[in-house]
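The figures that follow rest on heavy atoms only: side chains count, while hydrogens, waters and symmetry mates do not. Predicted model only: the values in this text are computed from it and were never measured. First the proteins, then the strands, lettered A, B, ... as listed; each starts at 1.
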Amino acid sequence: MIQVSWQDEKASLPEGATFLDVKKAFGWKNDVLMVLVDGKPRELRDKVPGDCSVEPLTFRDEAARNALRHSTAHILAQAVKRLYPETRLGIGPSIEDGFYYDFDAPVAFGPDELEKIEEEMKRIISENEPIVREFVEKAEARKIFQERNEPYKLEILEEIPDGEPISIYRQGEFVDLCSGPHVPSTGYVKAMKLLNVAGAYWRGNEKNPMLQRIYGTSFMDQKELDDYLVRLEEIKKRDHRKLGKDLDLFSIEEEGGPGLVYWHPKGAIIREIIEDFWRKEHRKRGYQLVYTPHIAKLDLWKVSGHWNWYKENMYSPMVIDEVEYLLKPMNCPFHILIFKGDTRSYRDLPIKYGELGTVYRYERSGVLHGMLRVRGFTQDDAHIFCRPDQLEDELVGVLDLASFMLETFGYDEYYCMLSVRDPENKEKYIGDDEVWETAENALERALQRKGLNYKIDPGEAKFYGPAIDIKVKDAVGRLWQGPTIQVDFNLPERFDISYIGEDGEKHRPVIIHRTVLGTMERFIGGLIEHYAGAFPLWLAPVQMRVIPVSEKQSDYAQKVTESLRNQGYRVECDLGSEKIGYKIRKAQLEKIPYMLVVGSREREEGTLSVRHRSLGDLGTMRLDEFVEKAREEVEKKLLDSIFSVTR
RNA sequence: GCUCACAUAGCUCAGUCGGCAGAGCGCAUCCUUGGUAAGGAUGAGGUCACCGGUUCGAUUCCGGUUGUGAGCUCCA
């Protein structure tokens, strides 16, 4: 007999019992998909290895959720094989929020095919086929997949070291090479949907054949699936490309070329405010702001090394007076030239050059995406030239600036990744051990001093130095690339820059490349989605709109508008002949923070009826009362209306 | 760049199994002067992305180009 315990309950089971028996013994419900045995997840069909304590795992646990989705991927593959037997199977893992399976199929899967496949999947689910694991010898596995004519499976099989048992899964007539884990039978999948098809290279390599990848998701009940689909819709509504058009923020013009952004007046004002804020904050923190050219001689890019390792992303040279010039893909060589233009003392350091530098990079056509992935963009770039002993303090300063900026925009959850050398391959990095160690330690201590949680990524460092990458979480829980801080030992060498130390000798400074917002395009594109287009008052292109109830109040409305405009607000007056309900709806759809309704009452009393886009009617107040509130809301860069806290 | 899909009015989208194109919103003019998410009427707007081919005839079918989307790969 085997003794199994769960919390304070115990059960005795015969030898050879499985966790399905454990499940029954403890009376667990059907939402239990896997078990945790001594801290390790096991599938329910596994035999109980001996006396142990167990914990049930449900859909809420990542391991169990992945197992369910992975099993759904197998159901998808089974359905495809039933409908299109000529199909060759690629791989089909679970992914965040769902699963996919790659197929080399004789037909192109379109919406009609997906529908048919989905129906077949539902049939397989209702058949409730047991999903059973088997371990076989490699030769046996080879035979199985040769018979089934599955070249991709055989390719994977051959990469498994000899002698290792091969794990395969069977459900009905379907067999897959798979290390699991899975749920016990196809009936466990209660709600599923296929979402889309896209091409995907076999094993992600563009030299390999392109397979058709079907994406889908599954849940334990229909409601959860429906909620997920609603969430997808909500994300779609926030799409910066849609909102950018609706709110007239920016466009990309076919006549102008792909990946090149046109900032319309309303988008431009948002950018201008953010840039002003950025400049002010940088000056405050000891940065000196510079402007540099858009092109430079090819030779400069040879010195910097870009011509060698970044060539694919750079536009072809243009010849000016018989000399070749390149459009800049980065700002660093320019800042270095400014640094180099004078003899620097150790007393001068750190020197921090900042620039909102517009760069151009060739991006393959298929990767372009709204404002988030473009070919011409403006980086909020800066380079800190410092002594090695200053590195840590400077990094703390950058982290401090980064967190201040992120929080100002309402990104209050973010994750830091520390990219360090691959300890196995130290020779592929430039710079000696000692310098690397100093730098990596400085980065890590800086993170600790700021009290930030971080994950260390060994081997993720670039060849020229370690880095911190910060990922930020937006209002709907998605992660975005945020600030990056990159230590560089390479460019100081290449440009042979130096400072004179206390000893009167030349020393090599370290360069920190850092960006806080990333690029104006990507950052503001992300902000549009983060705010769902409803920019806080300090950023809103139109902050308030004065709405007269009828034309009789036009004069008063215009007076109010003018007064607000003179006080520095971005304000409009709606003198249209429509009714007030219509004007309010229009202002709502434009996501204007404040609507100031003025009718005959307000005109007589010299007041405003204030309405906020999300709080609704806020009642009547004097203009100076409203202005005082608005001023505070703007000055404090509040994310929500000031009336929502004081009301 | 690759695979698949898509491209019709300023916007969102119908439509023509091949016979010189439609709605709603928006815009203009007029009527209406109204109190917190759509008052009414009239009107203007399109080389149906571009270039070729098939056809008596192409917005529709075919090929190419450009652009866009979902992904792959890459990335700020």
How many Å lie between [atom1] on [X] and [atom2] on [N], as a whole number?
X      : N     : atom1 : atom2 : result
A:L608 : B:G35 : CG    : C1'   : 14 Å
A:D102 : B:C4  : CG    : C1'   : 14 Å
A:L575 : B:U33 : CG    : C1'   : 14 Å
A:D246 : B:G26 : CG    : P     : 14 Å
A:E578 : B:C27 : CD    : P     : 7 Å
A:Y582 : B:G40 : OH    : P     : 11 Å
A:L247 : B:C11 : CG    : P     : 15 Å
A:K583 : B:A37 : NZ    : C1'   : 14 Å

Expressed in whole Å, how much space separates the [atom1] atoms belonging to [N] and [M]?
N     : M     : atom1 : answer
B:A23 : B:C61 : C1'   : 27 Å
B:A70 : B:C51 : P     : 28 Å
B:U8  : B:G69 : P     : 14 Å
B:U16 : B:U60 : C1'   : 7 Å
B:C6  : B:G39 : C1'   : 39 Å
B:G63 : B:A7  : P     : 15 Å
B:G57 : B:C25 : P     : 40 Å
B:U33 : B:G40 : P     : 15 Å

Flag for A:E529-A:W480: side-chain donor and acceptor within less than 3.5 Å = no
Over 12 non-hydrogen atoms of neighbours within 6.0 angstrom of CD in A:E96 =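 Open: at most 12 neighbouring heavy atoms sit under 6.0 Å from CD of A:E96.
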Name the orientation class of the two ring planes belonging to A:Y464 and A:W309 (parallel below 30°, tilted from 30 to 60°, perpendicular beyond 60°).
-> tilted
Summarise protein proximity over nucleotides 66-76 of chain B in one line of letters, 5' to 3': B for base, S for sugar-phosphate only, - for none, counting protein heavy atoms closer than 4.0 Å.
-> BSSSBBBBBBB
Between [X] and [Y], does the ring centroid distance fall short of 6.0 Å?
X      : Y      : value
A:F103 : A:Y84  : no
A:H383 : A:Y353 : no
A:Y100 : A:Y215 : yes
A:W301 : A:Y315 : no
A:Y594 : A:F626 : yes

Pairs counted as Watson-Crick or G-U wobble with both distances under 3.5 Å: what dot-bracket string results for RNA chain B, using | for bases tied to another strand?
-> (((((((..((((.....[..)))).(((((.......))))).....(((((..]....))))))))))))....
Does any residue of residues 591-607 of chain A have a heavy atom under 4.0 Å from RNA chain B, and if so, which ones, in number order?
-> A:V597, A:G599, A:S600, A:R601, A:E602
Cation-pi geometry met for A:K328 and A:F334 (6.0 Å, 45°) | yes
A:Y287 six-ring face occupied by A:K352 cation (under 6.0 Å, within 45°) = yes
Short N-O contact, A:R279 and A:E355, less than 4.0 angstrom =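 So A:R279 does not pair with A:E355 through a salt bridge.
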Carboxylate-amine/guanidinium proximity below 4.0 Å for A:E578 and A:R585 | no
Are A:V516 and A:F404 close enough that some pair of their side-chain heavy atoms sits under 4.5 Å apart?
-> no
Anti/syn call for B:G10, syn if |chi| within 90° |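 The base of B:G10 is oriented anti (glycosidic angle more than 90° from 0).
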If you check the A:S577 side chain, which of B:U33, B:U32, B:A38 turns out closest?
-> B:U32
Under 4.0 Å between any heavy atoms, over every strand shown, what does A:Y360 touch: base, sugar-phosphate, or nothing? Just pick one.
->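 Since no nucleic acid heavy atom lies under 4.0 Å of A:Y360, the category is nothing.
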Would you mind telling me which residue lines up with the more 5' stretch of RNA chain B, A:K586 or A:T620, judged by nearest nucleotide?
->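 Result of the comparison: A:K586.
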